[in-house]
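Worksheet: one structure, shown below.
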Amino acid sequence: MSTAPQPDELTRDFFARPATAVAPDLLGCVVEHETADGLVGVRLTEVEAYLGEDDPGSHAYRGVTPRTRVMFGPPGHAYVYFSYGMHWCMNLVCEPAGSAAAVLLRAGEVVTGHELATARRGGAPARDLARGPARLTQALGVDRRQDGSDVVDGGCALRVRAAGSPAARVLTGPRTGVGGGGATQPWRFHLPGEPTVSPYRPHQPRRRAPGSRE
DNA sequence: CCATAGATGCACT
DNA sequence: GTGCATCTATGGC
């Protein structure tokens with residue numbers, strides 16, 4: 001049989017736009033990851049836009065490095081990075097190659113593979129399965145191996161599809177967990193009335209490590 | 001509900 | 001060496 005695109009499949013052109021335009025359109029879409037263990041799908045309820053080299057809150061602010069190489073590549077790919085020594089976070093790359101914008105997937109609702117997602121999350125309650133960027137990747141089974149994955153190439157294990165009509169209402173707010181002056185722009189997007197949206201936390205400078213002098 | 005502290009490894013300076 | 005685009009456990013209300 002043919003591998004014709006499904007009607008709800010997102011296109012590369014969808015991601016070739018500014019991150020601030022892509023981000024609200026991603027709300028309500030479903031990210032799926034299929035592994036040997038099964039399929040988990042997450043309906044996105046909260047995302048954040050990160051711009052390129054002019055955005056102090058973006059990993060791309062200091063230009064191309066081995067880690068941020070994928071952000072500067074073509075749109076429609078996953079940028080997965082390691083955070084705080086134990087977590088993985090997932091972005092979808094936007095804008096044409098050479099421009100480093102991306103959208104961080106912050107939270108969602110597990111709509112497929114509830115049992116597998118719960119097992120991966122250590123038996124967490126349903127609302128918490130994908131509430132937070134690191135929880136979301138853990139529920140999906142995404143880690144370093146998915147960095148650079150093409151999510152709009154039909155047949156990839158990690159993919160994004162539209163689900164129903166676009167969100168009727170989208171709320172915006174300041175970005176979460178970002179300092180350096182990058183938090184003040186209203187580049188966080190979420191759906192209203194969603195219990196899976198992570199609570200907003202203003203950025204707090206990290207206290208010194210134990211044992212260091214004050 | 002809220003606040004705080006500790007875990008933990010990598011990218012970059 | 002410094003600083004994280006975080007989460008969990010624990011304690012108090």
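The chains referred to below are lettered A, B, ... by the order of the sequence lines, with proteins before strands, and numbering in each begins at 1.
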Q.
Looking at A/Arg131 and A/Glu46, is there a salt bridge between them, counting it only when a charged N and a carboxylate O are closer than 4.0 Å?
A. no

Q. Among C/dA5, C/dC7, B/dC12, which nucleotide sits nearest the side chain of A/His87?
A. C/dC7

**Q.** From B/dA7, B/dC12, C/dA5, nucleotide with atom closest to A/Arg106 side chain
**A.** C/dA5

Q: Determine the sole option in A/Leu10, A/Leu104, A/Leu105 for which the side chain to side chain contact (heavy atoms under 4.5 Å, CB included) test with A/Leu92 is passed.
A: A/Leu105

Give the rounded distance in Å between these two atoms: [atom1] of [X] and [atom2] of [N].
X	N	atom1	atom2	result
A/Tyr84	B/dG6	OH	P	16 Å
A/Tyr61	B/dA11	OH	C1'	17 Å
A/Arg175	C/dT6	CZ	P	11 Å
A/Arg67	C/dA5	CZ	P	7 Å
A/Arg62	C/dT2	CZ	P	17 Å
A/Phe82	B/dA11	CZ	P	9 Å
A/Met86	C/dA9	CE	P	12 Å
A/Met71	B/dA11	CE	P	16 Å

Q) Can a cation-pi geometry be assigned to A/Arg67 and A/Phe82, taking NZ or CZ under 6.0 Å from the six-membered ring centre and within 45° of the ring axis? A) no

Q: Would you verify whether the NZ or CZ of A/Arg17 falls within 45 degrees of the ring axis of A/Phe14 while also being under 6.0 Å from that six-membered ring's centre?
A: yes

Q) So what's the dot-bracket for DNA chain B: Watson-Crick or G-U pairs under 3.5 Å, [ ] if a pair crosses, | if it pairs off-strand? A) |||||||.||||.

Q. Does a side-chain heavy-atom distance below 4.5 Å link A/Asn91 with A/His59?
A. no

Q | Residues touching DNA chain B, which here means a heavy atom under 4.0 Å, drawn from residues 120-141 of chain A | A | none

Q) Is the backbone N or O of A/Ala117 less than 3.5 Å from a side-chain atom of A/Arg120, with the two atoms forming a donor-acceptor pair by type? A) no

Q. Which atom names give the shortest non-hydrogen contact between A/Val93 and A/Met71, and what distance separates them?
A. CG1-O, 3.7 Å

Q: Compare every heavy atom of A/His33 with every heavy atom of A/Gly141, then report the nearest pair and how far apart it is.
A: O-CE1, 3.3 Å

Q: Tell whether A/Tyr81 reaches the base of B/dA11 with its side chain through a donor-acceptor pair below 3.5 angstrom.
A: no

